[in-house]
Participant: 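First, the structure itself, so that you have it in front of you.
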Amino acid sequence: MVEIVLVEDERDMVDLLSTHLSAEGYQIRSANSLASAVSAVAQREPDLVLLDITLGNDDGRDVLREIRLLSDVPIIFLTGRGLESDRVAGLKMGADDDIVKPFSLGELSARIESVLRRGQSVPRITERSVLTFEDLSINESTREVRVRGDIIDLTAKEYSLLVFLAHSPRQVFSREQLLEHVWSSSGEWQNEATVTEHIRRLRHKIEVDRDAPKRIATVRGLGYRFEPVVS
Ligand code: CA
């Protein structure tokens with residue numbers, strides 16, 4: 001049975017969500033504070049955490065930080081409307097998704113299913129040093145990248161950039177961070193436009209729909225992230 005830890009301090013919300021999610025077949029444990037949330041995850045790792053940002057005297061972002069020290073469990077952040085900065089902070093800190101209140105129960109279920117599905121499929125190591133994400137495979141011994149079976153011709157930098165992103169699926173990297181890690185350079189020495197240009201060329205080669213890139217997603221205002229599941 002798939003188990004969800006629900007972290008929320010408002011009793012009505014806890015009742016509503018627990019009832020709905022139990023009916024959907026999930027097992028729910030609830031927590032209403034930072035301390036109880038951390039102990040719930042520490043005691044037995046759930047399959048997913050639903051975490052509200054406002055928890056009385058506690059801040060959901062602190063809960064997220066504490067849980068991340070313990071576990072890589074998928075976390076969906078519940079934020080208030082208009083709190084774009086909270087949303088961004090949550091994703092930056094390692095939340096897997098976020099839902100803005102008020103949301104419909106149908107939307108919540110769909111997001112939960114999507115996050116759980118992602119978790120099951122990443123990353124699948126088919127043989128030593130081959131990373132496979134659906135129809136994209138990266139062989140790190142031969143440096144061969146294939147999309148739907150066809151070998152893709154990448155420059156050394158494009159290859160390094162792809163491998164770097166693919167090693168941390170769904171993690172957001174700023175252009176500055178990519179310059180540091182992939183180019184071993186700081187923004188002072190190399191222009192961040194270099195990154196933009198390489199991302200553009202890489203997308204051109206690996207994306208199914210070049211006008212609507214999915215594999216390397218743009219996270220507005222933050223940077224880029226590699227999506228393990230796009231179909
Ligand atoms: Ca709350």
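Numbering starts at 1 and runs along the sequence shown. Note that ligands are numbered from 1 as they come in the structure, with each ligand's atoms numbered from 1 the same way.
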Participant: In Glu8, what N, O or S atom is nearest to the Ca ion (ligand 1), if we give its atom name?
Facilitator: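 Going through the N, O and S atoms of Glu8 one by one, OE1 ends up nearest to the Ca ion (ligand 1).
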
Participant: To make sure I understand the geometry: which N, O or S atom in Asp9 is closest to the Ca ion (ligand 1)?
Facilitator: OD1

Participant: So, for Pro74 and Asp96, which heavy atoms are closest and what is the spacing to 0.1 Å?
Facilitator: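 Closest heavy-atom pair between Pro74 and Asp96: CA-OD1, 3.2 Å.
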
Participant: If you compare all heavy atoms of Glu8 against all heavy atoms of Thr54, which two are closest, and at what distance to 0.1 Å?
Facilitator: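 Closest approach of Glu8 to Thr54: OE1-O, 4.1 Å.
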
Participant: Does any N or O in the side chain of Arg210 come within less than 3.5 Å of the main-chain N or O of His204, such that one atom is a donor and the other an acceptor?
Facilitator: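 Yes, Arg210 side chain to His204 backbone: donor-acceptor pair under 3.5 Å.
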
Participant: Please note down the angle at the Ca ion (ligand 1) between OE2 of Glu10 and OD2 of Asp52, to the nearest 10°.
Facilitator: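 Result: 130°, to 10°.
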
Participant: Look at Thr54 and state whether any of its N, O or S atoms is less than 3.0 Å from the Ca ion (ligand 1).
Facilitator: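 It does: Thr54 brings an N, O or S atom closer than 3.0 Å to the Ca ion (ligand 1).
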
Participant: Within a reach of under 6.0 Å around CG of Asp209, are more than 12 heavy atoms found that belong to other residues, nucleotides or ligands?
Facilitator: yes

